[in-house]
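On a predicted model such as this, the values are computed, not experimentally measured, just so you know. Ligands are counted one by one from 1 in listed order, and the atoms in each one are counted from 1 as well.
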Amino acid sequence: MNYNFIKMNTKGNFPIDKLKKVQTPFYYYDVELLNKTLDMLMSEANKYGFCPHYAMKANANAKVTALIAKKGLGADCVSGNEVSAAIAAGFPADKIVFAGVGKTDKEINTALDANIFCFNAESIPELEVINELAAAKGKVASVELRINPNVDAHTHAYITTGLNENKFGFSMDDLEKVINLIKGLKNIKLIGLHFHIGSQITDLGCFVPLCERINALQDQVEAMGVKLENINVGGGLGIDYENPNTNPIPDFKTYFSQFAQHLKLRNGQKLHCEPGRSVVAQCGSLITKVTYVKKGKEKQFAIVDGGMTDLIRPALYQAYHKIEAITTDSAVETYDVVGPICESSDVFQKDCKLNGVKRGDLLALRSAGAYGEIMASRYNLRELPVGYLSTEL
Ligand code: LLP
């Protein structure tokens, strides 16, 4: 893959004159980078015949998801509305998987009516409800069991999902019981096992114990005389928040090769995955304008018009987003970059080194394409930020 399209400068490549005309704060999506990322993802997945399903939860902007659907990915959804949005974006229904611990009857019916690929089921009562609702429609619902593999993803506690203490999935100890129960549910067909150990995983060695756990579980299931057509390893591949300009495309090559090397897929068995962040994070930036520069006794603040309602990750997870002053080359100064919202957690970054800014300058908060726009809220009755593609400005 040729990376030359990205200039290795210290700031991203932004069409400043065009950005200046747009009402801030807003999300800006670099379509060229998104497409290159998708091409890299698909070419690495295709090497092994793996099937990626884009995790809609990372970014459900209709223009962004339509571009992703065009590249041949399926979709991973966690609500009935995501299922509907995925279909509207152009993802084929037979490539849609639907997870979540609390699927409502309405959501299950939406998915049954759409004839999705499968439900990733997380509890016995959920299996019974899917069976009942499918029976009422004269359908057989395909189901993968989400298993909690108790593997540590070594990531932020709020985004670790595969440990015994988390609410997700079936415990491994219940697997045999659940498989026996499914044999009695006539409107459910068991087609695979599903896993997801966490998000923003940068130590790709974490996927090796997951593979080993899956290998052992497969032996156990086969001993019961059950054949599984699919293994779904979820999402989680992390991105480089520190260096979005020099490391814009995640390491899909190593990621997929871990599964190719360590997972003992059976003959004809398909491997599925659910990348979210790794697909969309680096192509997106939150563009915000400096409203005031306020000089305190010891600190100076760059008060910007974007806040935690537009990008909640720093406030919620103490997440780092690189900030660039994109309309000035003045000498570097140190700022606390803060939003206008009446919460002391409304801080994007403390002691941030930026080219000196003044009222009206634009800042880009980088790597914000995933879990940015989609997690925005209207707290303080603020407008929701709009997302624009680079190709439409
Ligand atoms: N599959 C399942 C079952 C998931 O729960 C998730 C994410 C994914 C796939 C996609 O994972 P990814 O490839 O994006 O790591 N709001 C948090 C992240 C929450 C992730 C939840 N689950 C953040 O801003 O960091």
**Student:** Is there a donor-acceptor contact under 3.5 Å from the side chain of Asp336 to the main chain of Asp351?
**Tutor:**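 Looks like yes, one N/O pair under 3.5 Å.
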**Student:** OH of Tyr317 to OG of Ser199: how many Å apart, nearest 0.5 Å?
**Tutor:**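 Spacing of OH (Tyr317) from OG (Ser199) equals 8.5 Å.
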**Student:** Side chains of Thr24 and Asp305: is there a donor and an acceptor less than 3.5 Å apart?
**Tutor:**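 Indeed, the side chains of Thr24 and Asp305 share at least one donor-acceptor pair under 3.5 Å.
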**Student:** Any N/O of Tyr371 closer than 3.5 Å to an N/O of ligand 1?
**Tutor:**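 Yes; the residue has a nitrogen or oxygen that sits under 3.5 Å from a nitrogen or oxygen of the ligand.
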**Student:** Is the distance between the ring centroids of Tyr388 and Phe26 under 6.0 Å?
**Tutor:**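 Centroid distance Tyr388-Phe26: below 6.0 Å, so yes.
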**Student:** Can you see whether Phe98 has Lys103 sitting over its ring - NZ or CZ less than 6.0 Å from the centre and within 45° of the normal?
**Tutor:**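 So Lys103 does make the cation-pi contact.
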**Student:** For ligand 1, is there an N or O atom under 3.5 Å from any N or O atom of Arg313?
**Tutor:**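 Among all N and O atoms of Arg313, at least one is under 3.5 Å from an N or O of ligand 1.
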**Student:** Do Tyr379 and Glu343 have side-chain atoms, one donor and one acceptor, less than 3.5 Å apart?
**Tutor:**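 On atom types as modelled, these side chains qualify, holding a pair under 3.5 Å.
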**Student:** Measuring from non-hydrogen atoms of Ala58 to any atom of ligand 1, is the shortest distance under 4.0 Å?
**Tutor:**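 Outside the 4.0 Å threshold, so no.
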**Student:** Just which atoms of ligand 1 are under 4.0 Å from any heavy atom in Asp76?
**Tutor:**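 Answer for ligand 1: 1 (N), 9 (C).
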**Student:** Enumerate the atoms of ligand 1 whose separation from the nearest heavy atom of Gly276 is less than 4.0 angstrom.
**Tutor:**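 So the atoms of ligand 1 that pass are 12 (P), 13 (O), 14 (O).
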**Student:** Flag Ala99 as yes when one of its N or O atoms lies below 3.5 Å from any N or O atom of ligand 1, and as no otherwise.
**Tutor:**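 The answer is no, given that Ala99 and ligand 1 share no N or O pair closer than 3.5 Å.
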**Student:** Which of the numbered atoms in ligand 1 are under 4.0 angstrom from any heavy atom belonging to Met375?
**Tutor:**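 By the 4.0 Å cutoff, the relevant atoms are 16 (N).
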**Student:** Under 4.0 Å from any heavy atom of Tyr317, which atoms of ligand 1 are there?
**Tutor:**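 By the 4.0 Å cutoff, the relevant atoms are 16 (N), 17 (C), 23 (C), 24 (O), 25 (O).
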**Student:** List ligand 1 atoms under 4.0 Å from Pro275, heavy atoms only on the residue side.
**Tutor:**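 Result: 13 (O).
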**Student:** Below 4.0 angstrom, N of the basic side chain to O of the carboxylate: do Lys358 and Asp361 qualify?
**Tutor:**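 The answer is yes: the pair qualifies as a salt bridge.
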**Student:** Looking only at non-hydrogen atoms, which of His196, Met56, Glu122 approaches atom 5 (O) of ligand 1 most closely?
**Tutor:**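 Among His196, Met56, Glu122, the closest heavy atom to atom 5 (O) of ligand 1 belongs to His196.
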**Student:** Counting only nitrogen or oxygen atoms and a 3.5 angstrom limit, does Ala55 reach ligand 1?
**Tutor:**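 No, Ala55 has no N/O under 3.5 Å of an N/O on ligand 1.
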**Student:** Once the angle between the rings of Tyr29 and Tyr27 is folded into 0 to 90°, is it parallel (under 30°), tilted (30 to 60°) or perpendicular (over 60°)?
**Tutor:**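 Judged by the thresholds at 30° and 60°, the geometry between Tyr29 and Tyr27 is parallel.
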**Student:** Check Lys189 with Glu229, please: is the shortest side-chain N to carboxylate O separation under 4.0 Å?
**Tutor:**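 Looking at Glu229 and Lys189, the cut-off is met.
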**Student:** Can you list the atoms of ligand 1 that are under 4.0 Å from a heavy atom of Glu274?
**Tutor:**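 With Glu274 as reference, the close atoms of ligand 1 come out as 1 (N), 2 (C), 3 (C), 8 (C), 9 (C), 10 (C), 13 (O).
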**Student:** Within the structure, does Arg146 bring an N/O atom to less than 3.5 angstrom of an N/O atom in ligand 1?
**Tutor:**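 No - when backbone and side-chain N and O of Arg146 are compared with those of ligand 1, no distance drops under 3.5 Å.
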